[in-house]
Amino acid sequence: MSGARPLRVLLAKLGMDTHTVGITVVAHALREAGMEVIFTGLKQTPEAVASAAIQEDVDVVGVSSLSAGHTRSLPRLARLLREAGAADKLLVAGGVIPEEDVPLLEEAGYARIFTMGTDTRQIVAYLTAWGAARSGALQP
Amino acid sequence: MDLAAAVLAGQVAAGARLIRWLDDGDPRGRAALREIYPATGRAHIVGITGPPGAGKSTLVDILIAQERARGRRVAVLAVDPSSPFTGGAILGDRLRMSRHAVDPGVFIRSLGTRGGRGGLSRATYDATAVMDAMGYERIFVETVGVGQEEMDVTALAHSTVIVAVPGLGDEVQAMKAGLLEAGEILVLNKADRGGHAQTLRHLELLVHLRTGTQAADAWHTPLLSAVASRGEGAAAIVAALDAHREHLHRCGEFSLQSGRRSEQQFLAIAGARLRERLLELAPELRAQVRTQQLDPYTAAERLVAALPGPDP
Amino acid sequence: MSQARNASPAPPGAGADERWEREVRAPFVAQAPERRDPFTTQALKWPIKALYTPADLEACGFDYATDLGYPGEYPFTRGTQPNGHRSSLWTMSQVTGFGKGEDWARRARYMLAQGLQGLILEHDLPTTNGYDSDHPLVEGEVGRAGLAIDSLEDLVRAFDLPFEKLRYLMSVCNAPQPVNLAMIIAALEARGVDPRGFVVHIVNGILIEYTCVGRYIFPPAHGLRIATDCLEYIIRHHPNWAPISIISAQLQPAKANPVQELAFSMAIALAYLDATLARGLDIDTVAPYFHFVINVDMDFFEGICKLRAYRKVWARLMRERYGATRPQALRIRMMTSPTTVALTLQQPLNNIGRLAIMATACALGGAGEAMTTPLHDEAHALPAEEAIRVGAALQHIVAHETGVADTIDPLAGSYYVESLTKGIEEAAMAEIGRIEAMGGALAAIQSGYFQQALGREQYERNKDIEEGRRKWVGVNHLVVPGEKRQIEIFRADNRVEEEQVARLKELRARRDPAAVARGLARVREAAAGTDNLVPACLDAVRALATHGEICDAMRAVFGVHTPDSQLTGV
């Protein structure tokens with residue numbers, strides 16, 4: 001455990017979907033990797049998630065979507081974060097998201113979509129690399 | 001607007017950023033804290049503590065609702081343990097307060113203990129100061145357990161609420177942890193559970209025993225029941241918090257406690273710094289103690305004697 | 001000659017086993033190291049020995065009479081039916097529903113024409129969570145994961161079916177169960193269908209929702225009361241229907257191992273049982289109504305032995321704990337199914353093979369009353385019609401082409417199968433004892449015991465795959481590089497949502513507001529008191545109160561459930 005500041009990650013589940021297995025596994029993996037994971041709970045609206053992201057001053061917002069409202073609610077979340085001045089936060093999504101929707105979400109501000117079954121080590125590596133690059137960039 | 005000014009103006013994003021800097025030990029945080037510190041000492045800081053499973057977060061959720069109904073702005077610090085091995089943490093308390101997520105009058109912040117002791121994060125004192133400076137009237141600090149550490153929640157808070165639950169074997173726990181000495185308000189949550197009457201009787205006895213030893217104008221710890229999942233009991237708890245705050249103001253304890261809190265943190269920080277410095281200053285004494293040539297008492301006396309004393 | 005007949009050799013004992021290990025196997029393994037170290041079962045991770053022999057049966061105290069018995073007799077390990085599947089096969093069924101009422105009816109008619117005899121009615125997420133299609137929280141979800149039922153009229157439209165071809169209809173809608181039940185009763189009435197002609201099966205399984213699925217509305221104690229109301233109502237008024245199904249299969253995506261599945265689902269069953277018995281019904285009347293849906297996973301023997309253990313554990317609990325005497329109370333009722341959790345997104349045709357293996361395991365373990373086959377591309381989408389045909393054919397292939405169903409419990413007596421069955425049984429009974437000691441399933445849910453146990457399993461099992469300890473073809477073994485799998489996510493026509501919203505508006509304009517208000521008031525009254533909620537819901541449903549409105553009436557009285565974070569396993 002070095003003196004490096006831990007990455008703070010908000011994990012959110014939007015809408016009606018209540019599957020928690022995927023997000024549970026990711027949350028544990030992130031914690032094992034030394035990150036602080038803040039979990040919003042289930043059935044959240046994009047407004048509630050954006051508000052939590054600001055209050056918690058997280059580095060990363062990770063949204064899980066296993067039902068299909070994602071083409072509307074995910075872009076709305078991205079827009080709310082931008083409007084709140086939080087565009088510097090890394091925005092990622094995971095779950096059951098078809099290939100053909102990825103461009104739409106990337107347009108909307110999602111840096112990376114982790115489709116279902118992505119190895120959690122890959123997710124950890126991606127976030128860690130992003131965090132390292134960012135603190136490198138921020139060094140005075 | 002610079003960050004300190006934004007914090008003093010009550011802007012949540014600014015407050016959140018400052019808390020982050022302080023939590024991370026970012027020097028920019030220290031600079032801003034210097035500027036806002038004079039504005040602290042006003043908020044009523046309420047510790048909410050008790051064993052895991054007591055329903056503290058659900059209780060805080062309904063207390064927030066009560067405070068909001070009275071038109072007050074409320075801040076919450078929810079502290080959860082960080083893994084001592086990886087440093088990571090899963091901070092999930094805010095999910096039980098999620099209905100307040102979009103209320104602009106409520107600021108909820110989660111902290112990992114990050115090696116802090118007594119169930120608090122090292123940054124809890126700092127985060128409390130930030131929320132204080134932002135103008136929140138009441139700040140709930142939710143932690144697990146009550147330690148006997150110098151920096152635990154009872155040193156931080158003006159009022160500490162101990163949350164107990166029926167049937168968790170807390171009769172024995174309460175005795176052991178000296179819970180009653182630590183808390184000013186005792187809440188028996190999940191009062192709809194089995195074993196409730198028995199636990200209530202036991203707690204009543206403890207309160208009664210304590211009351212017997214107190215002065216007439218001392219604060220008498222109320223014992224309240226709640227079923228937080230049904231929203232029951234919140235009004236009485238907030239009323240008790242208001243009464244305790246009144247009591248503290250009346251007898252001058254409020255500002256004394258705010259002062260003690262600041263001093264406590266000063267001593268802890270200074271103590272840690274001095275410790276490091278002392279070890280640098282006295283390598284021979286250290287070596288002698290390490291090889292048992294000198295006993296620790298004598299070594300300490302010699303070290304202190306060598307320091308410049310207080311001004312005459 | 002006579003010597004050979006008289007001197008039947010005694011079964012080899014532990015001594016003989018050791019000799020073989022020492023002199024034959026160990027030297028071989030020294031030259032040819034084993035391909036796994038250690039060999040363990042897939043979910044339980046119990047060590048698998050190289051060889052099982054009579055010594056293993058002796059070691060676990062196996063006794064044919066007490067451990068197995070005969071089919072159709074206590075303890076029913078070899079089967080609850082006297083003649084296995086030799087007289088009649090299990091009912092073959094599949095999951096159906098999506099879209100508006102008319103779409104579901106069309107799909108249902110197709111499936112019946114393909115030889116299926118049971119239908120499972122899934123509801124969309126808004127309905128399952130107690131919301132109408134026009135609620136702000138539900139956009140994008142209407143009609144997607146199942147049928148959208150906002151009012152009685154939606155269900156009447158869905159019930160445009162040849163009911164004479166149907167053996168049973170299962171409805172999955174746990175949290176708002178009394179509303180859903182009332183809708184079903186009233187819709188059948190409206191269609192003039194005799195409710196005694198087939199079986200309506202409501203899942204009514206709210207306790208598993210709190211444990212791992214998450215589609216709950218009210219706090220757990222109220223959830224249990226609601227479920228008991230539905231149980232009691234059906235037992236008293238529709239005694240040929242099935243008022244509950246413990247879908248222990250849902251514990252599998254949550255990564256419960258077979259012992260946890262068996263123990264948690266039994267503890268949950270006991271909670272419902274105790275609550276129903278408290279209504280003045282007796283065990284011999286109530287127990288026969290209980291029904292389990294049990295999945296098997298790819299570990300062939302864990303699946304088979306788990307099914308056998310289920311039968312024995314239920315029988316033991318009913319007799320030892322409740323003193324049940326009627327055979328129907330002691331015989332567990334179950335429906336089996338290959339699990340979707342074993343299927344892969346990658347190389348979907350492989351899944352047909354997996355389904356065939358798992359369906360065979362069900363048949364060998366005893367398929368129960370019915371088997372449901374998920375579809376090979378159901379990994380992430382709702383069924384396409386070709387896949388339905390393949391899934392249905394699979395069951396017929398197992399039933400008619402393999403011979404596994406032609407004798408009863410053919411694997412009995414296998415040294416491995418009996419050791420594993422007994423091991424699962426004993427571990428499960430111990431776990432059930434622990435859960436009862438903490439106050440039963442309701443207390444376990446409230447304290448987060450189930451959720452935390454499952455959270456741990458989820459993390460560990462995922463690590464097993466990521467770190468290669470478990471080989472999964474297509475995922476971490478024999479991976480086709482660059483395989484691009486199109487996820488066939490079923491896109492709900494946005495039209496479904498628009499049409500439902502329009503229908504709701506029109507309904508609200510046309511119906512009698514006073515009758516609706518009266519119906520809702522009755523629901524609130526029943527909720528606040530102890531009257532059974534189902535009659536009150538029937539009144540409200542017939543007055544055309546909407547699904548969401550009736551659920552809101554109950555929310556007003558019961559409150560809503562938000563679990564402690566420690567309790568989600570996260």
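Everything quoted here is computed from the prediction, not taken from an experiment. Residue numbers begin at 1 in each chain, while the letters A, B, ... track the order of the sequences.
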*Contact leader toward chain A among C:L137, C:I465, C:N476, where contacts are heavy-atom pairs under 4.5 Å*: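 Max contact count across the listed options: C:L137.
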
*Can you name the closest pair of heavy atoms from C:Y216 and A:L42 and give their distance?*
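Smallest heavy-atom distance, with atoms named: OH-CD1, 4.1 Å.
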
*Minimal non-hydrogen separation, A:T118 against C:E466, with atom names*: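 So the two residues come closest at O-OE2, 4.5 Å.
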
*What distance separates C:N462 CG from A:D119 CG, expressed to the nearest 0.5 Å?*
7.5 Å

*More than 12 heavy atoms of other groups within 6.0 Å of A:E107 CD*: no

*Would you say C:E467 and A:R121 make side-chain contact, with heavy atoms under 4.5 Å?*
yes

